[in-house]
Amino acid sequence: GSSEQYLSAPTEVHWAITNKCTQGCSGCYMNSQATADSELSTEKLKQSLKKLRDFGVFHVALGGGEAFLRSDFGGIVSYCEEIGLVPNLTTSGAIIGDEEIAICKRMGQINLSIDGIGEKYNINGRHGNFDQVENSLVKLRNAGVTVGINCVVTRKNYDSLQEVVDFAAKHGLNEVEFLKYKPSGRGAIDYDQFSLTQEMIKTFYPKLLALKHPAEMELKIDCSFIPALVYHKPKTEDLEKCAVSGCDAGNMLLSVKSNGVFAGCSFVDNDDAEMVGEIKDRWNTSRHLQKFRDLTKNAQEPCKSCEYLSICRCGCRATAKYYTDDFFAPDPECPVVHEYRNK
């Protein structure tokens with residue numbers, strides 16, 4: 001069959017504008033270091049942002065590394081505003097002074113990376129100071145900034161997710177997004193210590209539905225959790241209502257590394273090292289993006305016969321590649337795939 005339809009431009013770009021970060025967390029999927037290896041100059045970065053905007057991108061989610069470690073970060077945010085790109089930010093929250101708050105006030109959404117509360121803050125191999133982060137959070141909220149939490153779910157904090165949600169509610173945050181721990185960057189090194197067990201993946205959806213939270217606070221999940229949901233055979237329209245979609249790489253989503261190389265997703269490398277400045281020419285011709293678009297066409301069993309194939313798109317590519325080294329393999333952590341293989 002022919003390839004699926006995909007958008008004429010991604011609506012959202014996730015851009016790690018620096019790889020510099022002083023925290024050295026063991027699970028860092030970017031493998032961030034205290035010294036930046038390669039990052040685009042201010043000028044190159046602005047040129048590439050302009051090309052994305054001209055191409056039709058609306059949102060750019062900036063992150064790192066730690067974006068605040070770029071001295072030109074304020075200028076980058078101003079430039080996004082100037083050309084009509086909405087900038088959002090993911091940050092550790094470790095460096096939030098007056099200058100940083102002023103920058104945050106000009107952005108759409110700020111998400112802090114928090115995997116545990118209090119003494120559980122460093123539970124996933126994070127290196128940081130919880131009190132300092134909570135302090136930053138209070139400062140941001142007092143300044144009227146819209147703040148959410150990105151929480152990476154592992155076997156170590158799986159039983160403390162309600163605490164994270166309660167903490168978010170206490171501070172009047174607007175969202176908690178649960179991200180599945182990925183075998184990417186440093187995250188691949190001790191993956192078996194952090195990865196969710198089959199039992200956890202099978203119980204994640206009911207657990208998510210049981211989390212108590214204020215109505216005005218949204219609970220979100222990243223696309224790699226879709227297999228955990230479809231295992232429970234939810235109604236397709238319920239999934240669509242929750243805006244739940246599987247892997248959107250090369251369609252709605254594009255990711256960019258600090259050196260300007262784009263990929264379908266932040267967790268899978270583009271071996272052709274194509275630069276984001278050439279996105280207009282490469283969007284339709286990139287072999288790397290084409291692989292993501294061909295996922296359902298190349299689906300293997302049990303995905304091929306699964307009623308959720310068009311939503312789930314064979315699960316997470318980072319996980320599939322980690323276990324099988326085959327880009328098109330069914331996600332081995334999907335309970336349906338797991339049961340099929342053990343039959």
Side-chain angles (χ1 to χ4, degrees), residues 1-19 29-31 36-65 67 70 72-73 75-90 108 184-185 223 245-298 313-314 316-318 320-321 326-328:
S2 66
S3 259
E4 284 182 54
Q5 287 298 299
Y6 55 93
L7 296 179
S8 58
T11 50
E12 182 152 333
V13 173
H14 292 179
W15 195 328
I17 57 171
T18 180
N19 206 32
Y29 70 90
M30 292 301 292
N31 201 7
D37 42 2
S38 55
E39 54 184 47
L40 296 182
S41 66
T42 310
E43 209 32 58
K44 265 260 159 52
L45 189 63
K46 286 181 176 176
Q47 284 168 5
S48 301
L49 284 165
K50 178 83 169 76
K51 288 198 165 131
L52 286 176
R53 184 63 197 100
D54 293 345
F55 189 45
V57 173
F58 302 115
H59 284 104
V60 56
L62 302 172
R70 275 193 75 129
D72 58 357
F73 186 52
I76 291 166
V77 172
S78 301
Y79 186 71
C80 287
E81 289 179 296
E82 223 172 278
I83 62 175
L85 259 180
V86 178
N88 295 332
L89 173 69
T90 299
S184 169
C223 51
S245 67
C247 179
D248 239 336
N251 180 31
M252 283 175 77
L253 179 67
L254 187 75
S255 98
V256 187
K257 286 204 163 33
S258 59
N259 59 4
V261 171
F262 72 74
C265 127
S266 311
F267 307 100
V268 179
D269 287 333
N270 178 352
D271 299 328
D272 295 326
E274 298 163 295
M275 299 296 285
V276 66
E278 303 159 5
I279 189 62
K280 198 173 175 344
D281 306 319
R282 299 295 178 114
W283 181 248
N284 297 316
T285 59
S286 168
R287 282 183 319 181
H288 171 79
L289 296 181
Q290 195 56 46
K291 288 201 302 196
F292 284 100
R293 293 164 185 160
D294 287 345
L295 274 169
T296 56
K297 187 175 81 172
N298 291 330
R313 304 179 54 75
C314 310
C316 176
R317 294 308 86 205
K321 267 189 77 83
D326 170 9
F327 183 89
F328 294 106

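Since we're looking at a predicted model, the values are computed, not measured. Quick note: numbers below take in every heavy atom, side chains included, and nothing from hydrogens, waters or symmetry partners.
Evaluation of the salt bridge (Lys or Arg N to Asp or Glu O under 4.0 Å) rule for D272 yields R287 as partners, not counting sequence neighbours. Remark: S286 engages E274 in a side-chain hydrogen bond (donor to acceptor under 3.5 Å, both in side chains) (not counting sequence neighbours). Take Y29 and apply the side chain to side chain contact (heavy atoms under 4.5 Å, CB included) test, not counting sequence neighbours, and it matches S184, S266, F267. With sequence neighbours excluded, no residue forms a side-chain hydrogen bond (donor to acceptor under 3.5 Å, both in side chains) with Q47. Partners of K51 by salt bridge (Lys or Arg N to Asp or Glu O under 4.0 Å), not counting sequence neighbours: none found. In this view, E81 and R106 satisfy the salt bridge (Lys or Arg N to Asp or Glu O under 4.0 Å) rule, not counting sequence neighbours. Remark: A16 pairs with M30 by the side chain to side chain contact (heavy atoms under 4.5 Å, CB included) rule, at least two apart or across chains. Shown here are the salt bridge (Lys or Arg N to Asp or Glu O under 4.0 Å) partners of K291, two or more places apart in sequence or in another chain: there are none. Residues passing the side chain to side chain contact (heavy atoms under 4.5 Å, CB included) test with I83 are L49, K50, R53, Y79, L85, sequence neighbours excluded. Residues passing the ring-ring contact (aromatic ring centres under 6.0 Å, His included) test with H288, sequence neighbours excluded: F292. Qualifying side-chain hydrogen bond (donor to acceptor under 3.5 Å, both in side chains) partners for K46, counting only residues two or more places apart in sequence or in other chains: none. Qualifying side chain to side chain contact (heavy atoms under 4.5 Å, CB included) partners for E278, counting only residues two or more places apart in sequence or in other chains: M275, R282.
In this structure, K280 does not pair ionically with D54, as no charged nitrogen and carboxylate oxygen lie closer than 4.0 Å.
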